[in-house]
2 protein chains.
Amino acid sequence: MQDLKLSKRDEWEAMGFDLNNCPVRSVLDHVGAKWTVLILFELQNGAQRFNALGRALPDISKRMLTQTLRDLERDGMVKRQVFDTKPPSVAYSLTDMGQSLMTPLLGLVGWAEAQMPAVQTARKAYDEQAARL
Amino acid sequence: MQDLKLSKRDEWEAMGFDLNNCPVRSVLDHVGAKWTVLILFELQNGAQRFNALGRALPDISKRMLTQTLRDLERDGMVKRQVFDTKPPSVAYSLTDMGQSLMTPLLGLVGWAEAQMPAVQTARKAYDEQAARL
DNA sequence: GGTATAGGTCTCATATAGAGACCGAATTTG
DNA sequence: CAAATTCGGTCTCTATATGAGACCTATACC
C-alpha cells in the first residue's frame, strides 16, 4: 500500500516522524514480546539469577531467556551483574527505568484482567457467527 | 527448560493459571502486534473505511490491515459495518471496549515518549561496549 | 570417572509478517 | 466504446522471527 503520491507518510516525514524509529513502537515491541512482561514481573521480586529465572518461567527456552534479557539490558530496563564465583554467577535486576515501566504496565494488565470476560464473550460470538457461513 | 519436578508451572496450574490461555497475554499480544496500536489511534478520529485506513497507514500491507482488523473485531474492540453501496463500502470504528483500552494504552505511550531519550542513551552505551570486544 | 551446576551458544524446524499480483462489479475518463 | 480506477478484500511466495533442544567449558561433588 505504498502507491500514493501525497500521503500521510509524507506528512509524518515532514513532522520528523519515522515509523522505523518510533519511540512508541520500540517500547511496544518489547511489551508485546512473548516473555518480556513475565520476566519484568518476576524481577519485581528482586534480583534473580539466570537459571532461577528459567525455573520461574518454566516454558521459556534458554535461547529466548537470553535474548529477552539482552534486549532489556540494552534498553536500560535490566541490569546484568557477573560475580566471579566458581562457577560464575550472573544476577539480573530491574533498573529504575525498568521499575518505572511497571506503573503503566500494571494499568494495562489491570485493564486486561477486567475486560477478559467481555473479550471471551466477543470471541465466542464472532466464532459462532463465522461457523454459520 | 521444562526439566524440573516441582516447578512454578505446577504452582501456576494449581492456581488455575494457564499461560496458553492467559488474559494478560491475549491482550498484550494485540498491543504488541505491529499495527494494532496505530490502527486504534487512527480510529479514535472516528469511523474509517478500509482503504482510508490503508492510506492513513502507508506502510501497512492490505493483508496485515485485514488481519489486524479481523483480530480486533473478533475481540470486540472494533466494529465492522458493511454498507450496500456500489461498490460496497465497509466502515470500521471503535467499540466502547476499544475506547476503554485507549486509557491504559495512552499511559504506556506517554511513558514511552518520556523515556525515549534515556533508552537511546542506554542503547548507544550498550552497543559501544559490545563493539569494544 | 560419572554427574551436576553455572550461563550461555548453535542448529534446525516451524510460525508469523510482509510484498505484491489478482479478483469481480461498477463508475469515471479519454 | 475501451481503458483505468475504486471498492474491499484474497492468494501465493518469500523473508524474518520464534522456539525446542543438543551442545559447550569449567568447577565441584561423590
Side-chain angles (χ1 to χ4, degrees), chain A residues 1-5 7 9 19-20 25-26 28-39 43 47-74 78-93 130 133, chain B residues 1-5 9 19-20 25-26 28-39 42-43 47-74 78-93 130 133:
Chain A
M1 262 170 132
Q2 23 264 69
D3 52 340
L4 32 153
K5 282 81 189 115
S7 72
R9 190 222 303 258
L19 185 64
N20 293 321
R25 276 242 50 79
S26 77
L28 258 29
D29 281 345
H30 286 317
V31 171
K34 190 160 182 180
W35 299 106
T36 304
V37 173
L38 254 12
I39 291 178
L43 287 181
Q48 309 253 357
R49 293 173 51 182
F50 183 86
N51 281 338
L53 278 171
R55 263 173 252 125
L57 278 17
D59 285 331
I60 198 171
S61 66
K62 287 187 167 196
R63 183 180 172 282
M64 288 315 291
L65 183 54
T66 303
Q67 192 177 105
T68 309
L69 284 169
R70 289 281 186 278
D71 286 350
L72 288 170
E73 189 195 355
R74 184 168 106 99
V78 155
K79 187 169 70 174
R80 177 175 184 271
Q81 287 171 286
V82 182
F83 298 100
D84 197 11
T85 55
K86 312 253 168 136
S89 62
V90 179
Y92 293 91
S93 54
L133 304 182
Chain B
M1 259 169 132
Q2 21 264 70
D3 51 340
L4 35 154
K5 283 83 188 113
R9 192 223 300 260
L19 186 66
N20 293 321
R25 275 243 50 79
S26 77
L28 257 30
D29 281 344
H30 285 318
V31 171
K34 189 161 184 177
W35 299 105
T36 303
V37 174
L38 254 14
I39 290 177
E42 194 60 36
L43 287 181
Q48 308 252 0
R49 294 175 49 187
F50 183 86
N51 282 338
L53 278 171
R55 262 173 252 125
L57 278 17
D59 284 331
I60 199 173
S61 68
K62 287 187 165 196
R63 184 181 172 283
M64 288 315 291
L65 183 53
T66 302
Q67 193 177 106
T68 308
L69 284 169
R70 290 279 186 281
D71 286 350
L72 288 170
E73 190 197 352
R74 185 167 106 99
V78 155
K79 186 170 67 175
R80 179 175 182 269
Q81 288 172 284
V82 183
F83 298 100
D84 196 12
T85 55
K86 313 259 164 128
S89 61
V90 179
Y92 293 91
S93 53
L133 303 183

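These values consider heavy atoms only, across backbone and side chains, with no hydrogens, waters or symmetry-generated copies. Lettering follows sequence order; numbering is per chain, from 1.
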For the pair made of [atom1] in [X] and [atom2] in [N], what is the distance, rounded to whole Å?
X: F83(A); N: dG8(C); atom1: CZ; atom2: P; value: 13 Å
X: D29(A); N: dT18(D); atom1: CG; atom2: C1'; value: 14 Å
X: L69(B); N: dA17(C); atom1: CG; atom2: P; value: 14 Å
X: Q48(A); N: dG7(C); atom1: CD; atom2: C1'; value: 15 Å
X: I60(A); N: dG8(C); atom1: CD1; atom2: P; value: 13 Å
X: D71(A); N: dA17(D); atom1: CG; atom2: C1'; value: 12 Å
X: L65(B); N: dA17(C); atom1: CG; atom2: P; value: 14 Å
X: Q81(B); N: dC7(D); atom1: CD; atom2: C1'; value: 17 Å

Looking only at side-chain N and O atoms, does [X] come under 4.0 Å of OP1 or OP2 in [N]?
X: R55(B); N: dT6(D); answer: no
X: R49(A); N: dG8(C); answer: no
X: W35(A); N: dG19(D); answer: yes
X: K34(A); N: dG19(D); answer: yes

Closest-nucleotide 5' rank along DNA chain C - winner of Q67(B) and A91(A) | A91(A)

The answer to which of M64(A) and P87(A) contacts DNA chain D further toward the 5' end, by nearest nucleotide, is M64(A)

By nearest nucleotide on DNA chain D, pick out whichever of R70(B) and R63(A) is the more 5' one.
-> R70(B)

Reported [atom1]-to-[atom2] distance for the pair [X] and [Y], which is rounded to 0.5 angstrom:
X: L69(A); Y: Q48(A); atom1: CG; atom2: CD; answer: 10.5 Å
X: L53(B); Y: K62(B); atom1: CG; atom2: NZ; answer: 12.5 Å
X: Q67(A); Y: I60(A); atom1: CD; atom2: CD1; answer: 10.0 Å

Using a 4.0 Å heavy-atom cut-off across all strands, classify T66(B) as base, sugar-phosphate, or nothing.
-> base

Sugar-phosphate, base or nothing in reach of Y92(A), heavy atoms under 4.0 Å | sugar-phosphate

R80(B) and V78(B): CA distance, side-chain angles, deciding distance, side-chain contact (heavy atoms from CB on, under 4.5 Å) verdict | CA-CA 7 Å; R80(B) 179 175 182 269; V78(B) 155; 5.6 Å; no

Among dG9(D), dG8(C), dA20(D), the nucleotide that comes nearest once only the side chain of S61(A) is considered | dA20(D)

Looking at residues at least two apart in the chain, or sitting in another chain, which of them share a salt bridge (Lys or Arg N to Asp or Glu O under 4.0 Å) with D71(B)?
-> none

